[in-house]
Amino acid sequence: MSKINELFNKEVKVINIGLESFYNDLKKQKVSVIHVNWRPVAGGNKRMASLLSKLK
Amino acid sequence: MNATDISKELYKVIQDKEVRGQIHSVFDNSFNVLDENSKLISFLGPNKPMAPYSIRIKEKISFLDLGLEKGQQLTFFKDFVSIGSTDIVIHYNKALLWDSSPILFQDKRLARDSIENVFTKLSLMAEFILNEGKKEGIFPLLKTLKDKIKYIDKLFDDTITLSKKEDFIKDRFLSFMDSYISEDVEKLPQSASKVVGYGIGLTPSMDDFLSGIMASRIYLSSYLNLDLKKAYEINEAIIKNINNKTTLVSQEMMKCSSRGEVNEDFRSLIISLLANRGIDDFYKYLEKVSDFGETSGTDIICGVYIGSLIMLNEYLGG
Amino acid sequence: MSSVKYEIRKNTYYDSVTLMLISKEIKKIDGVKEALVGMGTDLNKELAENLAISNDDIRNLSPNDFFVTVLADDNVQIETISAEVDKLLSNKKKSNESDYMPPTLESALKHEPESNIVVISVAGEYAAAEAKKALNNNLHVMLFSDNVSIEDERELKELACQKGLLMMGPDCGTAIINNVPLAFANVVRKGHIGIVGASGTGTQEVTVIIDKLGEGVSQVIGTGGRDLKAEIGGLMMLQGIEALKNDPQTKVIVLISKPPAEEVAEKVLKAIENSPKPVVVDFIGGDRKLIEKYGAYSCVSLEDAARKAVALLRGEEVRDFEGFSLPDEEIEKIVDREVAKFDKTQKYLRAYYTGGTLADEAMKLLSSSIGNIYSNIPLTPEYKLEDVRVSKEHTCIDFGDDEFTRGKPHPMIDPVSRVERLMKEDDEEVAVLLMDFVLGYGSHEDPVGEMLPAIKEAKERMAKKGKYLCVVGSVCGTENDPQDLRESQRRLEEAGVIVMPSNAQAVRLAGLILNKIK
């Protein structure tokens, strides 16, 4: 069975990255959801981010 | 800050004289105040259901962020309360008065639903508890009531087994339930005092369960046109010896519940169970109540369910 | 060897959710055999005694004291226990009590390893990287963000296809998976109609009408607005079609999109050509014959797509729905009544939409009957408004388009840009105002309430000049949406708005009114 059809048979468990309102809406509906307190890598500083990614 | 709602009873007391108190406990969405007579006055955030002896405020803030602390003194004037050592003032002169008294069928605002419909709703309630309830509270213990109450097996979940905790309290719980089912006002005070305070939480699971049982007795007695005086008498027997056996907050809650005085969502749940309102209302309140605290909501609903089955026993046939 | 370790906090109250969390976490600590967390009620103290984890200090507690007592291996220090308790208490995020909000996708996955879908709505430049991470972790993705390059979109979708995962988006606003509305979606009955949609509000309109007709949806897969462009080639629509073909719950398939590039249309239609399940295709104004050539059912509107899907499910006759729910005589009465109120100079349409696809549908349904319509998303380039902030003759605006949403929330979340436009409207030649009100999760908590004052004012402004502003609208919502559908409709009607059961019918009525004026 394809992964998509497998998903149709499971309980939806969401990871939400971004707008907290989407997270709140899912919580209101008692959907299993975890919200990522997302911050851009290196606080959004692009040069830092590209340096950091070279380190990985 | 401004209050949107204030308990009618509390407002009257405040108008009669200046009330003083001190902060007892502070949470995110509420804080409690102990007055000079050790009565608990609760302050609620806007998202909480209105409750007996409480003041609900308009502003959406966390009380933990306001610098409120245990022990701070409050003075309740006619129109507002001030919290000493902070510059916080809460105005309630424009707040709506909230009456915590049970809304019974006698006062004609409500029409009874048919008994068939009430049973249908009770089945829905059992399903709801099974599928969506929090099972870490009173739920596992209910299994011990098998064979004592008709239709209770609808609630059973075979995967749940009794842990040491439940084993410990099982016999006393059964003893309490026996005296409750037989309406034994002599035995009730003692058997209740032996189970009160059991469970985790600021309102332990057993206490929430008992609230559900007591409130449903009042409402069902009204629904069935039974003697309300007897209902109050039985509930009084249950709370007779509970002082100091549980947290202050829980104790106050049970005393109110014994008179059928519960928070507005809990009240709406029982009304939607027994009155001819739509099924959507009923479901909506099941969800609202089940959201209380951690297991509190489910424990209350279990109490309402068991309490209803007991009161409706004769009608259950079979 | 085990021993009892305990922690007491006198006269301290923690809310129940915290207590439960502490209890769960303490029990997870390595070496802990038995634990009791709670207030010092008689009963809890007795229980502690019974579990052999009590002592004098605990016996002396009052019901208003908090305690934790555990039976644990000797090497477990009490400091570990207190540290855990403290950590849990400080971790509490105020607005969400015991909810843990990890800082990255990886930590979220560690915390909830059974997760299966990631919904991403961070700024476009970062969104693609997060989506890729998700796919590489074998998670399905819904990418709400736009401003992702088309090259990145292609790369993500190819990766997803390789792994057999959903890559819904970028610019995917609507999906309903296992009856869970994701992002901007309505609460729709569970049923047997499966939908793959490249357009957010278009999909919403179809699902809402299916629900109104008494049927429901199995799965609603979003693909993002660009999926059917030549550069992407319909990759996600094809994935979605495959999944719905294999889904036993789906008995009828509906595809929704703006007219695709021709070769992509052929590819997609070929995929459903011999489908044992009936397929309804709405390429919103696209080539009907092409669709019919492949054995699918073509449509005249989004509402028509919904009606056809329902008819197919029920084994009823399938025909084009080009009319109204109300009987024709009623409609004639409404048209005559409205037209009688205009003054002779009034003749123009202002269609102000929050849902882009609904705006597009409006223009496609009306242009042949009322003539050219200026817009910020015109049907042909010569009718692009010079200044999108100034309406001209017949005008239709999509307030969700980029020019209106830079640095501002989408109008479905906050209709302020439409409110402002309406307040400024002072063209006396306007006759009909046409609007959509989209309910459901993601949308403003009261889209109607937000517009009512502006609508009332606009009507009054016109009335003062001896003119009449006719307002026609439709509410895209279901009974179970968080906003109150019935109240929304009622309040609109109370304000004098003519509420029609679908966008297509609202548009058609506006057309009839405008044509009768001539």
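Convention: sequence-line order gives letters A, B, ...; per-chain numbering from 1.
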task = Hey, could you give me the CG/NZ distance between C:Leu36 and B:Lys165, rounded to the nearest 0.5 Å?
result = 7.5 Å

inquiry  = For the interface with chain C, which of B:Gly199, B:Ser193, B:Pro204, B:Ser296 has the highest count of heavy-atom pairs at distances below 4.5 Å?
reply    = B:Gly199

C:Lys190 atom NZ, neighbour heavy-atom count above 12 within 6.0 Å = no

For the student: nearest non-hydrogen atoms of C:Asn64 and B:Leu248, plus distance = OD1-N, 3.1 Å

ask   = Under a 4.5 Å heavy-atom cut-off, does chain B meet the side chain of C:Glu34, its backbone, both or neither?
value = side chain

note = One should read off an interatomic distance between C:Thr41 OG1 and B:Ile200 CD1, to the nearest 0.5 angstrom, of 11.0 Å

remark   = Cut-off 4.5 Å, heavy atoms of chain C, and the answer for B:Phe27 is side chain

ask   = Distance from B:Glu166 atom CD to C:Leu47 atom CG, nearest 0.5 Å?
value = 9.5 Å

note = Taken to the nearest 0.5 Å, the spacing of C:Leu51 CG from B:Asp167 CG works out to 10.0 Å

query = Are any of the side-chain heavy atoms of B:Phe168 and C:Leu43 separated by less than 4.5 Å?
reply = yes

query = Would you say C:Glu79 has more than 12 foreign heavy atoms packed within less than 6.0 Å of its CD?
reply = yes

note = The interface call for B:Lys194 against chain C, heavy-atom contacts under 4.5 Å, is backbone

inquiry  = Is it the case that the side chain of C:Asp42 and the backbone of B:Thr246 share a donor-acceptor pair, with hydrogens and angles ignored and the cut-off at 3.5 Å?
reply    = no

query = Above 12 or not: heavy atoms from other molecules or residues under 6.0 Å from CD of B:Gln190?
reply = no

Leading residue by heavy atom contact count with chain C [cutoff under 4.5 Å; candidates B:Met206, B:Lys60, B:Lys70, B:His24] = B:His24

message = With a sphere of 6.0 Å drawn around CG of B:Asn131, does it hold more than 12 non-hydrogen atoms of other residues, nucleotides or ligands?
response = yes

query = So with a 6.0 Å cut-off around NZ of B:Lys164, is the heavy-atom count from everything else above 12?
reply = no

ask   = Counting only heavy atoms not in B:Lys39, do more than 12 sit closer than 6.0 Å to its NZ atom?
value = yes

task = Tell me, for B:Thr295 versus chain C, whether the close heavy atoms (under 4.5 Å) come from the side chain, the backbone, both or neither.
result = side chain

task = Check each atom of B:Val196 against the heavy atoms of chain C and say whether the ones under 4.5 Å are side chain, backbone, both or neither.
result = backbone

key: Residues in side chain to side chain donor-acceptor pair (under 3.5 Å) contact with B:Asp265, at least two apart in sequence or another chain   = none

